[in-house]
Amino acid sequence: MKRRTLKSFALILLFAALAAAQDVASFEKRITVRKLPNGLTILICERPEAPVFSFFTLVDAGSVQDPMGRTGLAHMFEHMAFKGTDTIGTSDYAAEKPALEKVEIAYAAYIAERDKTVGRDGAQLKELEKAWKDAIAAADKYVVPNQFGKIVEQSGGQDMNASTDYDETEYHYSLPTNRLELWAYLESERFLHPVMREFYKERNVVIEERRMRTDSNPTGRLLEQFGAAAFEAHPYHRPTVGWMSDLNSFSATDAKKFFDEYYVPANMVVAVAGDVKAAEVLPILEKYFGRLPASHKPDETTTVEPPQNSERKVVLKEKSQPLYLEGYHRPDYMTKDDAVYDAITDLMSEGRTSRLYRALVRDKKIAAFSAGFSGLPGIKYPHLFAFYAYPLPGHTPQEVGDAIHVEIERLKKEDISDDELKMIKTRTKANLIRGLAENEGLANQLATYQTRYGDWRELFRSVDRIDKVTKADIRRVANETFNDTNRTVGVIETAPGGGQGGDQGSGDQSAPDQRGAQ
């Protein structure tokens, strides 16, 4: 009889205790799915533990859909979605609307002069810039700052936030159940009557965000250049926050065009989880979200990344903590081997028993942290399986990179053990249960799986797919994927005079996540 760890027993007991109440059959009794005539999909999960609910609105468009020359627009509109509507955030929309139109006319004239390659008139440019800024000041007189957020907060709302990544944009917060109709009105209204107020002020906020997270951050700079090297053709090579020249150029008019194309009901899923009854709330949601005008789902065809036939490498010399990162191209999430990649992630990175932690951190003591994960920078399109490590003082990125390669070769040449495979499958089930523990996480996962697969039940079927993964599958996928010619490497080397704990700080061992901008 093989020995089992206490952790293994704990996970098995946890799953056994909760699985009966967390399987697909139990959720089918509590989940209602309705596709409205305009194409918007609504999911309602009845969960009466407490008189609150959470929602998750997922728009199936992210920075991959940003137009060329307008990178950052998906993220920019996410910011604008909190600026209110034609009735929220304004003291007099009848006067504000023409004032905002004048801002756009003045900005277009300013940009036309600014971007001339021949014959630009400096004096006229200053006059046009002043006219644009004067128009902004005139429009700002009608703004009621942060009114949308204040309404939510005064109604008991919590955790109001949104994020944009390469694949999608999402919005969420939680409210008491007796505020559900207010939420339905607010959430639908901001997509029915969006107003691009304070656009250029908010654009400056995004510019500062880029400066803080990328331009002034060694890891941010590495990730941006790493992505540009790994993806030569596919839009994954562009930063979600946008290139600086684009941030200094795109307009509120551009943001509205992006909204009109991608924020259509057929491209949106809204999930609600909490103390709600479908029979009571569906008519409310149909009343408000049904107002959104129908339109076809946008074409999201993108350039296909050609096969990589040689190793690529990016090296930054920074006065900061060193970092080693490498990524290998893999198919998108719909591949039959997606569960195999998930199993490899678990094996290499899940906790202190993971292979990379034991090898680099515990045994060799050459890294502060090391892990491998799938989904860089997104999952919707073919992407990367990445490995990374933060070297300890006295050790180099090349040293930890070599140690990672030793573990990859083990994966390619040797079958994993029976205990390792069993733990992967047990942890997958336990992690599913944990992810369903809170309304917010549940709404998130339901909306995501409904969007990606067209059926929320795939959330539970993902466990079944992991159950079917074999040792041979892991060796096969490792050999197919983790090859030198399919590899992109990114390195931060500590520059002379620098130290471990410069811009980044030696305590920052978070994953090099390039997936989104808040």
- [ ] Could you tell me which non-hydrogen atom of Val103 sits nearest to which non-hydrogen atom of Tyr200, and how far apart they are?
- [x] CG1-CE1, 3.7 Å
Task: Pair Asp140 + Lys201: basic N to acidic O under 4.0 Å - done: no
Task: Whether Gln445 side chain and Gly435 backbone form a donor-acceptor pair below 3.5 Å - done: yes
Task: Test item: Thr428 side-chain N/O and Ile424 main-chain N/O as donor-acceptor pair under 3.5 Å - done: yes
- [ ] Compute whether any side-chain donor of one residue and acceptor of the other, for Asp342 and Thr345, lie under 3.5 angstrom apart.
- [x] no
TODO: State whether a side-chain donor-acceptor pair under 3.5 Å links Gln158 with Ser174.
DONE: no
TODO: Give a yes or no on whether a salt bridge exists between Arg452 and Glu458, defined as a side-chain N under 4.0 angstrom from a carboxylate O.
DONE: no
- [ ] State whether the side chain of Glu96 and the backbone N or O of Tyr142 hold a donor-acceptor pair below 3.5 Å, judged by distance alone.
- [x] no
Open item on the list: One thing to verify: whether Glu104 and Lys256 come together as a salt bridge, which I'm taking to mean a side-chain N less than 4.0 angstrom from a carboxylate O.
Closed with: no
Open item on the list: How about CD on Glu438, more than 12 heavy atoms from neighbouring residues, nucleotides or ligands closer than 6.0 Å, or not?
Closed with: no
Open item on the list: Closer than 4.0 angstrom, basic N to acidic O: yes or no for Glu189 and Arg291?
Closed with: yes
- [ ] Return yes if some donor-acceptor pair links the side-chain N/O of Gln450 with the main-chain N/O of Val269 below 3.5 Å, else return no.
- [x] no
TODO: Begin with the C-alpha distance, continue with both residues' side-chain angles, and end with the deciding distance and a verdict on side-chain contact (heavy atoms from CB on, under 4.5 Å) for Leu442 and Arg47.
DONE: CA-CA 10 Å; Leu442 176 57; Arg47 199 174 194 189; 3.6 Å; yes
TODO: May I ask you to decide whether Glu420 forms a salt bridge with Arg355, counting only side-chain N to carboxylate O separations under 4.0 Å?
DONE: yes
Task: Pairwise side-chain contact, Asp467 with Lys429, heavy-atom cut-off 4.5 Å (strictly under) - done: yes
TODO: Provide the closest heavy-atom pair for Arg330 versus Ser374 in the form atom of the first, atom of the second, distance.
DONE: NH1-OG, 2.7 Å
Open item on the list: For Thr87, is there any backbone N or O sitting under 3.5 Å from a side-chain donor or acceptor partner on Thr85?
Closed with: yes
Open item on the list: Do Ser251 and Asp254 pair up side chain to side chain, a donor and an acceptor below 3.5 Å, judged on atom types alone?
Closed with: yes
- [ ] Kindly indicate, with the supporting measurements, whether the criterion side-chain hydrogen bond (donor to acceptor under 3.5 Å, both in side chains) is fulfilled by Thr302 and His234.
- [x] CA-CA 7 Å; Thr302 63; His234 190 270; 3.3 Å; yes
Task: Residues Glu208, Arg211: salt bridge by 4.0 Å N-O rule - done: yes
Open item on the list: If you count heavy atoms of other groups shown closer than 6.0 angstrom to NZ of Lys97, is the number above 12?
Closed with: no
TODO: Kindly check if the number of other-residue, nucleotide or ligand heavy atoms within 6.0 Å of NZ (Lys297) is above 12?
DONE: yes
- [ ] For Lys425, look at atom NZ and say whether over 12 heavy atoms of other residues, nucleotides or ligands are found less than 6.0 Å away.
- [x] yes
Open item on the list: Tell me whether the NZ or CZ atom of Arg190 lies within the 45° cone about the ring axis of Phe82 and under 6.0 Å from its centre.
Closed with: yes
Open item on the list: On a heavy-atom basis, which atom in Asp167 and which in Lys380 lie closest, and how many Å separate them?
Closed with: OD2-N, 3.0 Å
Open item on the list: If you define the side chain from C-beta out and look only at heavy atoms, does anything of Tyr341 sit under 4.5 Å from Pro331?
Closed with: yes
Open item on the list: Quick check: closest heavy atoms across Tyr263 and Met268, and the distance to 0.1 Å?
Closed with: C-SD, 4.2 Å
Open item on the list: Which heavy atom of Leu175 sits nearest to which heavy atom of Gly156, and what is that distance?
Closed with: CD2-C, 3.9 Å
Task: Short side-chain donor-acceptor distance under 3.5 Å, Glu181 and Tyr288 - done: yes
Open item on the list: If the threshold is 4.0 Å, N to carboxylate O, is there a salt bridge linking Asp215 and Arg221?
Closed with: no
Task: Residue pair Leu58 / Tyr171, side-chain heavy-atom distance below 4.5 Å - done: no
- [ ] Check the side chains of Thr214 and Glu224 for a donor-acceptor pair under 3.5 angstrom, ignoring hydrogens and angles.
- [x] no
Task: Sidechain-backbone polar pair: Ser462 side chain, Leu459 backbone, donor-acceptor under 3.5 Å - done: yes
Open item on the list: Contact between Lys257 and Leu73 at the side-chain level, heavy atoms closer than 4.5 Å - yes or no?
Closed with: no
Open item on the list: side-chain contact (heavy atoms from CB on, under 4.5 Å), that's the test. Do Val33 and Ile42 meet it? Break it down for me.
Closed with: CA-CA 6 Å; Val33 180; Ile42 293 173; over 6 Å; no
- [ ] Answer yes or no for Arg203 and Phe77: cation-pi contact, defined as NZ/CZ to six-membered ring centre under 6.0 Å and angle to ring axis within 45°.
- [x] no
Task: Donor-acceptor under 3.5 Å (His329 side chain, Ala230 main chain) - done: yes
- [ ] State whether the side chain of Thr177 and the backbone N or O of Pro51 hold a donor-acceptor pair below 3.5 Å, judged by distance alone.
- [x] yes
- [ ] Give a yes or no answer on whether the side chain of Asp66 reaches the backbone of Gly72 with a donor-acceptor pair at less than 3.5 Å.
- [x] yes
Task: Close side-chain approach of Leu323 to Thr219, heavy-atom, < 4.5 Å - done: yes
Open item on the list: Determine whether a donor-acceptor pair (N or O, by modelled atom type, separation under 3.5 Å) exists between the side chain of His172 and the backbone of Phe56.
Closed with: no
- [ ] May I ask you to decide whether Arg457 forms a salt bridge with Glu28, counting only side-chain N to carboxylate O separations under 4.0 Å?
- [x] yes
TODO: Say whether Thr448 and Asn444, considering side chains only, have a donor N or O and an acceptor N or O under 3.5 Å apart.
DONE: yes
TODO: Look at Asp346 together with Arg427 and state whether they make a salt bridge at an N to O cut-off of under 4.0 Å.
DONE: yes
